[in-house]
Amino acid sequence: MKQRVNIALALALNPSLIIADEPTTALDVMVQDQIFHRILEIQKKIHSSLLLITHDISLVAENCHKVAVMYAGKFMEYSEVDRVFGEPFHPYTLGLKNAFPSISRSKDRPLISIPKNPPSLFDPPDQCRFYSRCPFSTSLCGEEEPMIREVADGHYVACHHVDRVEEMREKAVREEIWDPSLNQ
Ligand code: SF4
């Protein structure tokens, strides 16, 4: 209820930009849907922009034009939603796709979680922030933080090894790539 009141108060001011930070967290699916559709209705009515911050990939895929995938406080990948989820370049985006349930996913393809934890942001490392969890890392990744760069028109990625994207896409769907202990 508090969430609904806060959203109503914020939108009553007719903002030119709505920043919705996890707007549907802790709500059941039906209420999530109602609240988010109400936000979208008002956004369209007052012609504002919407910046959605969320862990819910399906909410982004259904409602956003562009997406910035962030990890440990840094941009990893940015482009139009169809491109980022349809043809991801970054290993973290590949890992997120594997971990998200989808009705179109084949029965033979298990959900794969990304092992280990993100680095501490109290003392962030001077290396790729995904280094400790990335199955495609090299020594370069442990020595230098990758800059974000344009890899295709309007598609930006922060990874040293975008040239290996075909290999990474092909291997990332295999559980043992993320968890080598499964090979033992
Ligand atoms: S820079 Fe290296 S560690 Fe970071 S995502 Fe790319 S391959 Fe993985």
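Since this is a predicted model, take the numbers as computed values, not measurements. Counting convention: from 1, in listed order, for ligands and their atoms alike.
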Regarding T54 and D56, is there a side-chain donor-to-acceptor distance under 3.5 Å anywhere?
-> no
Which heavy atom of the protein is the closest neighbour of atom 1 (S) of ligand 1, given with residue, atom name and distance?
-> H160 N, 3.3 Å
Any heavy atom of H90 under 4.0 Å from ligand 1? The part involved is side chain
If you scan protein heavy atoms around atom 3 (S) of ligand 1, the nearest is C141 CB, 3.5 Å
Identify, for atom 6 (Fe) of ligand 1, the protein heavy atom at the shortest distance, and state residue, atom and that distance.
-> C159 SG, 2.3 Å
Would you kindly say whether E77 and T93 are connected by a side-chain donor-acceptor distance under 3.5 Å?
-> yes
Metal check, atom 2 (Fe) of ligand 1 vs C134 N/O/S, cut-off below 2.8 Å = no
Quick one: which ligand 1 atoms are inside 4.0 Å of a heavy atom on F136?
-> 7 (S)
Contact atoms of ligand 1, heavy-atom distance to H161 under 4.0 Å = 7 (S)
Do M168 and Y71 sit in the same hydrophobic cluster, where Ile, Leu, Val, Met, Phe, Trp and Tyr count as joined when their side-chain heavy atoms come under 4.5 Å apart?
-> yes
Do H161 and F136 have their ring centres less than 6.0 Å from each other?
-> no
Closest to atom 4 (Fe) of ligand 1 among protein heavy atoms sits C128 SG, 2.3 Å
Just wondering, do V67 and S79 contact through their side chains at under 4.5 Å, heavy atoms?
-> no
Kindly say whether S132 contributes a backbone atom to a donor-acceptor pair with the side chain of K116 at under 3.5 angstrom?
-> yes
Taking all atoms of both residues into account, what is the closest heavy-atom pair of S113 and W178, and its distance?
-> O-CB, 4.3 Å
Number the atoms of ligand 1 from 1 as they appear, then name those within less than 4.0 Å of a heavy atom of Y131, with their elements.
-> 3 (S)
